[in-house]
Number of protein chains: 4
Amino acid sequence: MSSIQAAEKIRLFIAPSPRNVEDIFSPADLERLHALGEVFIHADGPVSDEIFNQHAADAHIIVGQLDMPSERLTRAVNLRAIVNVEGNFLPNVDYAQCFRQGVRVLNVSPVFAEPVAEAALGMAIDLARGISHADRRFRNGTEQYGLDANRDAFSLYGAPVGFIGMGDLGRAILPLIAPFRGVVKAFDPWLPPAYLESLGCEAAPLETVLRESQVVFVVAGVTSQNQGFLTRDEFASMKQGAAFVLVSRAGVVDFDAMLDAAASGHIRVATDVFPEEPLAPGHRARSIDTVLLSPHQAGALSAVLREIGRRALADIELIARGLPPVMCKIAQPETVGLMRSKPVAKS
Amino acid sequence: MSSIQAAEKIRLFIAPSPRNVEDIFSPADLERLHALGEVFIHADGPVSDEIFNQHAADAHIIVGQLDMPSERLTRAVNLRAIVNVEGNFLPNVDYAQCFRQGVRVLNVSPVFAEPVAEAALGMAIDLARGISHADRRFRNGTEQYGLDANRDAFSLYGAPVGFIGMGDLGRAILPLIAPFRGVVKAFDPWLPPAYLESLGCEAAPLETVLRESQVVFVVAGVTSQNQGFLTRDEFASMKQGAAFVLVSRAGVVDFDAMLDAAASGHIRVATDVFPEEPLAPGHRARSIDTVLLSPHQAGALSAVLREIGRRALADIELIARGLPPVMCKIAQPETVGLMRSKPVAKS
Amino acid sequence: MSSIQAAEKIRLFIAPSPRNVEDIFSPADLERLHALGEVFIHADGPVSDEIFNQHAADAHIIVGQLDMPSERLTRAVNLRAIVNVEGNFLPNVDYAQCFRQGVRVLNVSPVFAEPVAEAALGMAIDLARGISHADRRFRNGTEQYGLDANRDAFSLYGAPVGFIGMGDLGRAILPLIAPFRGVVKAFDPWLPPAYLESLGCEAAPLETVLRESQVVFVVAGVTSQNQGFLTRDEFASMKQGAAFVLVSRAGVVDFDAMLDAAASGHIRVATDVFPEEPLAPGHRARSIDTVLLSPHQAGALSAVLREIGRRALADIELIARGLPPVMCKIAQPETVGLMRSKPVAKS
Amino acid sequence: MSSIQAAEKIRLFIAPSPRNVEDIFSPADLERLHALGEVFIHADGPVSDEIFNQHAADAHIIVGQLDMPSERLTRAVNLRAIVNVEGNFLPNVDYAQCFRQGVRVLNVSPVFAEPVAEAALGMAIDLARGISHADRRFRNGTEQYGLDANRDAFSLYGAPVGFIGMGDLGRAILPLIAPFRGVVKAFDPWLPPAYLESLGCEAAPLETVLRESQVVFVVAGVTSQNQGFLTRDEFASMKQGAAFVLVSRAGVVDFDAMLDAAASGHIRVATDVFPEEPLAPGHRARSIDTVLLSPHQAGALSAVLREIGRRALADIELIARGLPPVMCKIAQPETVGLMRSKPVAKS
């Protein structure tokens, strides 16, 4: 069968900052990149126009999050794809022009889905079963045992679970909670009910998800449409004692309202994200007993770095062969302009 | 179809101490018990011979963990089953005579499998991803962020997992870890390799399980053959940084050796059980950074109590109809004599 | 760890008729049997009293379906288990005395569960999608294409499925139909609703299962209580066009009524079992278009024979070590007397 | 949360030929279409330029497979999407211009994945277990029973399975065969190994898939690169007795070579597709005992028609709201030009 077309030689320009090439690409992966054709690596600092013109303008694939305004795109006549080795689509690219020119824009956000899902599950069980809370009491000598330790505990088995958002991350959490057999409701205004149902979820309005769930996973990214949309009212509508697990972006919640709802004992909260990182030294969040604090560590495993390289490489090889990418997140013309992630140094 | 035989009326004697009848049986379940025939409930204190002779000797089913020596069994000519509403088979029953008389002896240990499995998974993720550890640092203002927070973290995804024992509890953990796709090896000297393979595990010697696993779940009960069998040598054979999750009985480990292995930084440990409960106030376990302490709370959810009643009732109804029980743990002649659980007040 | 007790040497008496030793035990498995102690194999013909007294009376484990009346059991003072290498409990054993003596009686029916489940699924899809029917039309040149071929077809996706009986076989079918996402209702008078629910089924009365299911799997064995219990009325209560898949025993249905229901076009039927085998040459079942005929082949794969040996061996090794068997079916005192399977030559 | 943007009113032009509007859209779905804005339905016959100019040129969404050459696209200044309610991308559209203009081109092929997967599984079990073969022998009075009936049978349990292609259809088959626990290898030159591994498959060269699999599912569509690529040599390389299940397009195989391989007894074949449909009356395929014939019925269930409407509607609603479609197949610039499906009347 001759269906694997011999790949023509292509040119790659790699400017991985703020990551390092060797952190994300294993030696074997680097070798495969080189086998594709000419590879130019710009290791440090911003990509000046001079460097761009000299080394990137005729590339077929650009790897990194360098600025790609209209002028650069216009010059990049061979360009097939821009592969951002970060997890967000930032405003550094003129996306509209990319779509007109047929340039794919990718990011590697799918690599974070499973590690964050794992941490989210761990945090949900922690809130439900009081794991870190009990450990804390042990350390200060006030632990109770057995049923007495479990006055406020609940089990995920059979508990109604809610999702706010159902992208890659939500879909990675679903198989982890499936064995607990609870009904899962999801609110995602970008997805039709039939799609959510195909994942085994019930589509539901935000109000229903908040009001009926024992555990709420917030996995929606920030867009121009949903900044701070989870306010005091939303927290008030949650079930007494419910668990709220925030693992996407702090920007979707009113953080103070969330802390208040936890401090009052109405809900329990786990958060991996904060409006400002690092959190101010004396911030009250540090001492609320019903808040589990996670320092933006859910996705940032070092094992993930090499997975970034593997995914990027797999799609680069497809693109080099004239095939569509399947491993990275592909910018969509309809939605890429709505994204409002802050560029985090290394998420 | 006439295949559901009309149940003849039977007599039940219920002495649930140390539990309360109304904690374990819902009003509806109690009603169903009464519908089976005559029910005598002995609410408090030990069952004297006088009470036994008057109310239990002619019962078809006895519920509770009253003493059932040979003399009482001999008098109990109608007896079909003894249903202990606790999780262990204690030496309060002359099991050999029960088997000769055709008396089923049951306990409700299966109700604890799922809640303990959930807690075990939560503890495993906590050790792997540093959840309570990071929260603790947040509270004392020393947290780090992102990759820096994750220097010692690992992910369960793809990690080799080991089990020591593979009874009800192990089998309840298996579906919870299946989505993480790691190879699972299990050591259980009471089960043949083909059985373990039918569960999706590889049968392995203890040494292999310890040496190769990134996470080890200890779910074996204490028997006359395995007391303290996990010693200093076994901990030393584990992988650097591996997680050891002890959720069955403290009696299977050399507790001091386990703490030493954690304190030295060789492994991380989560334990739900302790040689003495409550743990002594100044016990060094309380301050080891690599030990997660859980106060025998993994199975002791109040929601479990009613599940005890539901399971016991379901089997009692089967036995009343002349059918074999299927919901509770059934004492086996070959092994019941080997069990060495301490009667814990309410486990 | 010393928990694997060194097995004392035991004596085995093996009279596998109507099977052959070498069909069921691989050379490696035979070697393991011999390693257990003394093995006497009686290859052919019935076991006379003389042979019994000489070679079986002092055995610890007897393999085969020789007669074991009270007299023989009384003489067999060392006997721990009788392992029938067939799939049924026949009236050749005095079970009551076995239970009094503490003798385990096993059969290997679990080996048939998966092969029969596979065939049952294949037959269900065949009935739903008209696979063999369309092939038949192709062969006589009357096939239709596309939608025209599918006038009567239905899909298992989302279709309500019913089970009559939920033993090993039903439980082996469940994972095969799970991906089709239909609601599963099961009728089994020997099992409580909570048990069926733990398998992901809804417990339901027979009437409901018949009336509401698009596919009905009959997996119940014949007992003294259910012979011929599926009569004309039961077939009449089924949905128009529903599929009825009979893979346990012909004795549970009124076979003529079943054929009538199929011949009239009310239901479609697949059957692996027949009241008389071979079926009479001119039997009308052979020409009904809505009946799929399977010559008792669902469980009878030659690969299954060695699996019989593997399972029997695994339990024999456990019993030799003083442990309870876990791989074979164990006769239960409450139900073994109700079984009414005909001894089929080799099922 | 205001994140569900109020949809502006849009214009739809629907020319569903060769399907009928009411076959694919339920009354409720039609009502939802109308609620989106102005809907013009062209029920019959080709869409003339006059009709196009009058009713389609200013549409936002066009539903159907009318010709969309460059001239029409140029005039369609509002056009956001073309939704073909068939399963293929035909050469009726100037795809390159669509991509330049930012017009999404969709088809509904995902609706066929599950019904075809179900039929493919049924055919695989049929070939493995001899279901229709045994039924045929029953009808002509030559059936054998039990083991004798199973001389050539094999079980899918544990059998190595191979896939040629791994698109929507392959991914729908995967969960159906997962419970059989066989190793799955897949050859798909458009997909990287890591992608196939994320589905639980091993990536493998075509040769390996053919040589090592007991069951081979052919689910690859025809492209300009793979027409007739499965030739006499490929069939010869398969295992003796292996099953070959062809459910995508006849164009990928040398049909005569495939029949020869089956007729010689080397392999067993099930095919849902034929080089010419209807198959010639006296075609030898009709009488080969080792070929299972299915008249292009695997996907053509009438229940699928309404699913076509549901999927199309869901994406139309997303597009109307300015969001990316997620339910239909989206034409990819890299591959749409390689497709070589024949327009089948109604597939």
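Just so we're on the same page: letters track the sequence lines, and every chain starts at 1.
Proximity to chain D involves both the backbone and the side chain of A:Tyr195, based on heavy atoms less than 4.5 angstrom apart.
Taking each heavy atom of A:Thr335 and D:Leu323 in turn, the nearest pair found is CG2-CD2, 4.0 Å. Annotation for D:Arg321 and A:Pro189: closest pair NH2-O, 2.6 Å, computed over non-hydrogen atoms.
Between A:Glu334 and D:Arg104 there is a salt bridge, since at least one side-chain N of the basic residue sits less than 4.0 Å from a carboxylate O of the acidic one.
Residue A:Arg32 qualifies as open at atom CZ: its count of foreign heavy atoms under 6.0 Å is 12 or below.
In terms of heavy-atom pairs under 4.5 Å with chain A, the best-connected choice from D:Ala314, D:Pro192, D:Pro324, D:Ala96 is D:Pro324. Between chain A and the residues D:Arg311, D:Met327, D:Gln101, the most heavy-atom pairs under 4.5 angstrom are made by D:Met327.
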